Visitor: 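One structure, as structure tokens, below. Some questions next.
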2 protein chains.
Amino acid sequence: MQDGTFTSPRHLCETASQRGNAFSADCPTRQILDRIADKWSVLILMILGDGAMRFSGLKRRIDGVSQKMLSQTLRSLERDGLVLRHVEPSVPVSVTYSITPLGQELVASLRSMIDWAETRMSDVLSAQRAYDGRDGASEGGMALQRSAVSA
Amino acid sequence: MQDGTFTSPRHLCETASQRGNAFSADCPTRQILDRIADKWSVLILMILGDGAMRFSGLKRRIDGVSQKMLSQTLRSLERDGLVLRHVEPSVPVSVTYSITPLGQELVASLRSMIDWAETRMSDVLSAQRAYDGRDGASEGGMALQRSAVSA
DNA sequence: AGACTTGATCACTAACGGAAACCGAAGGAG
DNA sequence: CTCCTTCGGTTTCCGTTAGTGATCAAGTCT
């Protein structure tokens, strides 16, 4: 039965083509997707897309991020070539982060994603309320629904 | 000192404005961002953006996803009003998932994000290789670098 | 009856994420 | 000199979550 896991087409990815395929599990694109499809990465890139900023500035701007996640995410983004880290050996060390051209390309897509989330927020919220209120109501004949198995 | 955490501007969000602000921790947009900034959500929405598909079809198409994560992610997306779930009480139950107009809007942004990831994959990979090889090389005077504390 | 299909769920483990402590260098107060 | 502070982190502890494999329920075919 588990053999079925491997019968799916591996798609072409590690072949000569320079283009990745996010749907194939072993394609590096999948790792990259997992990295950039991250709450903190998106917010950091969005901010740095508007200009360089110091560590403490990012922490102040991104409400609710912990030092650990901020430095960890910044290091990932630096490793991926999306942000630059500049250390100023001043009195107390001052570290400035900026975005690379490669990262700037990505920011454009992310911006439209955030824009969608901010404008459609209320639609999503009402959909959630509708979904949460649908269960246990006047539905009587749906034997194959999720509620039928929950016992 | 910890009071500083709360001195940051809460931005306007739960006010009269219908528009969210992803940078404020208590704005619903943040939750929505966390939901859609997810590997599996992105891949599912991308596929459903091309047309409806059954559970097993999605599982076959998205290489490496488990049944649990697939049904779990699909239910989240359904709750958020991004996908529709249609149960066909046929011989073995057949469940078809399709995208909503709201979800279709989002797919456009996601597509450009994936497109970036697939085309820039090699750039990111070479940046990663450069970053991983930078440590322990001919750097002699960088006392404030990360390597100084790693001992 | 036994095996198989489809979609969902359970038990369990590995990894993630947050709070807070600690660090290391430099500067100032007492 | 010792204590305390700032900046940019790292480490530790621990709860939550993601992820895997096995299982389940219903129904059909052999």
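Note on naming: letters A, B, ... go to the chains in the order of the sequence lines (proteins, then strands), and numbering restarts at 1 for each one. Note that the coordinates shown come from a computational prediction; the quantities given were computed from them, not determined experimentally.
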Visitor: Please report the distance, rounded to the nearest Å, between NZ in K59(A) and P in dT6(D).
Guide: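 From K59(A) NZ to dT6(D) P: 14 Å.
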
Visitor: Among all residues two or more places apart in sequence or in another chain, which pass the side-chain contact (heavy atoms from CB on, under 4.5 Å) test with Q128(A)?
Guide: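 side-chain contact (heavy atoms from CB on, under 4.5 Å) check on Q128(A) returns V124(A), L125(A), R79(B), D80(B).
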
Visitor: By side chain to side chain donor-acceptor pair (under 3.5 Å), which residues pair with Q67(B), not counting sequence neighbours?
Guide: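 Listed in chain order: nothing, the list is empty.
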
Visitor: How many whole angstroms separate atom CD of Q31(B) from atom P of dT16(D)?
Guide: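 Distance check: Q31(B) CD to dT16(D) P gives 16 Å.
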
Visitor: Between atom CD in E88(A) and atom P in dA26(C), what is the gap in whole Å?
Guide: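 Roughly 15 Å, once rounded to whole Å.
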
Visitor: Can you sort out the partners of E118(B) under side-chain contact (heavy atoms from CB on, under 4.5 Å), two or more places apart, ordered by chain and number?
Guide: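 Per chain and number, E118(B) pairs via side-chain contact (heavy atoms from CB on, under 4.5 Å) with R19(A), N21(A), A22(A), T29(A), I114(B).
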
Visitor: Looking at residues at least two apart in the chain, or sitting in another chain, which of them share a salt bridge (Lys or Arg N to Asp or Glu O under 4.0 Å) with R30(A)?
Guide: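 Partners of R30(A) under the salt bridge (Lys or Arg N to Asp or Glu O under 4.0 Å) test: none.
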
Visitor: Measure the distance from CZ on R35(A) to C1' on dC16(C) and round it to the nearest whole Å.
Guide: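 In whole Å, dC16(C) C1' and R35(A) CZ are 13 Å from each other.
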
Visitor: Polar atoms only, N or O, under 3.5 Å: list the protein pairs with nucleotides 18-20 of chain D and their distances.
Guide:
{"from": "dG19(D)", "atom 1": "OP2", "to": "W40(B)", "atom 2": "NE1", "distance (Å)": "2.9"}
{"from": "dG19(D)", "atom 1": "N7", "to": "K68(B)", "atom 2": "NZ", "distance (Å)": "2.6"}
{"from": "dG19(D)", "atom 1": "O6", "to": "K68(B)", "atom 2": "NZ", "distance (Å)": "2.4"}
{"from": "dT20(D)", "atom 1": "O4", "to": "K68(B)", "atom 2": "NZ", "distance (Å)": "3.4"}

Visitor: To the nearest angstrom, how far is H86(A) atom NE2 from dG8(D) atom C1'?
Guide: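 Atom-to-atom, H86(A) to dG8(D), this comes out as 15 Å.
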
Visitor: In chain order, what residues pass the side chain to side chain donor-acceptor pair (under 3.5 Å) check against S71(A), with sequence neighbours excluded?
Guide: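 If we apply the side chain to side chain donor-acceptor pair (under 3.5 Å) test to S71(A), skipping adjacent residues, there are no hits.
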
Visitor: Ignoring backbone atoms, establish whether S56(B) has a side-chain N or O less than 4.0 Å from OP1 or OP2 of dT5(C).
Guide: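 So the side-chain polar atoms of S56(B) never come under 4.0 Å of the phosphate oxygens OP1 or OP2 of dT5(C).
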
Visitor: Report yes or no: do L70(A) and L84(A) belong to one cluster of Ile/Leu/Val/Met/Phe/Trp/Tyr joined by side chain heavy-atom distances under 4.5 Å?
Guide: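 No, L70(A) does not connect to L84(A) through the hydrophobic network.
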
Visitor: Kindly give the heavy-atom pair with the smallest separation between L58(A) and M53(A), and that separation in Å.
Guide: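 Distance-wise, the nearest heavy atoms are N-SD, 3.6 Å.
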
Visitor: With a 3.5 Å cut-off and sequence neighbours excluded, list the donor-acceptor pairs that the side chains of residues 36-49 of chain B form with protein atoms.
Guide:
{"from": "D38(B)", "atom 1": "OD2", "to": "W40(B)", "atom 2": "N", "distance (Å)": "3.3"}
{"from": "D38(B)", "atom 1": "OD2", "to": "S41(B)", "atom 2": "N", "distance (Å)": "3.0"}
{"from": "D38(B)", "atom 1": "OD2", "to": "S41(B)", "atom 2": "OG", "distance (Å)": "3.2"}
{"from": "S41(B)", "atom 1": "OG", "to": "R35(B)", "atom 2": "O", "distance (Å)": "3.3"}

Visitor: Is the shortest side-chain N/O distance from Y97(A) to OP1 or OP2 of dG9(D) below 4.0 Å?
Guide: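 Answer is yes, contact under 4.0 Å.
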
Visitor: Does A52(A) have any side-chain contact (heavy atoms from CB on, under 4.5 Å) partners at least two apart in sequence or in another chain, and if so, which?
Guide: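 With neighbours one apart ignored, the set is T96(A), S98(A).
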
Visitor: What residues form a side chain to side chain donor-acceptor pair (under 3.5 Å) with S109(A), not counting sequence neighbours?
Guide: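 Once residues adjacent in sequence are excluded, the partners of S109(A) under the side chain to side chain donor-acceptor pair (under 3.5 Å) criterion are S112(B).
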
Visitor: Would you jot down, in residue-number order, the residues of residues 43-55 of chain A having a non-hydrogen atom under 4.0 Å from DNA chain D?
Guide: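 Heavy-atom cutoff 4.0 Å gives R54(A), F55(A).
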
Visitor: Check the distance between dA8(C)'s C1' and L74(B)'s CG and give it to me in whole angstrom.
Guide: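 For the pair L74(B) CG and dA8(C) C1', the rounded distance is 11 Å.
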
Visitor: Is the shortest side-chain N/O distance from R75(B) to OP1 or OP2 of dT9(C) below 4.0 Å?
Guide: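 Yes.
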
Visitor: For DNA chain C, please output the secondary structure as dot-bracket, reading 5' to 3'. Pairs are Watson-Crick or G-U wobble, both atom distances under 3.5 Å; mark crossing pairs with [ ], other-strand partners with |, unpaired with a dot.
Guide: ||||||||||||||||||||||||||||||

Visitor: List the residues meeting salt bridge (Lys or Arg N to Asp or Glu O under 4.0 Å) with R54(B), not counting sequence neighbours, and say none if there are none.
Guide: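 Scan of R54(B) (salt bridge (Lys or Arg N to Asp or Glu O under 4.0 Å), adjacent residues dropped) gives none.
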
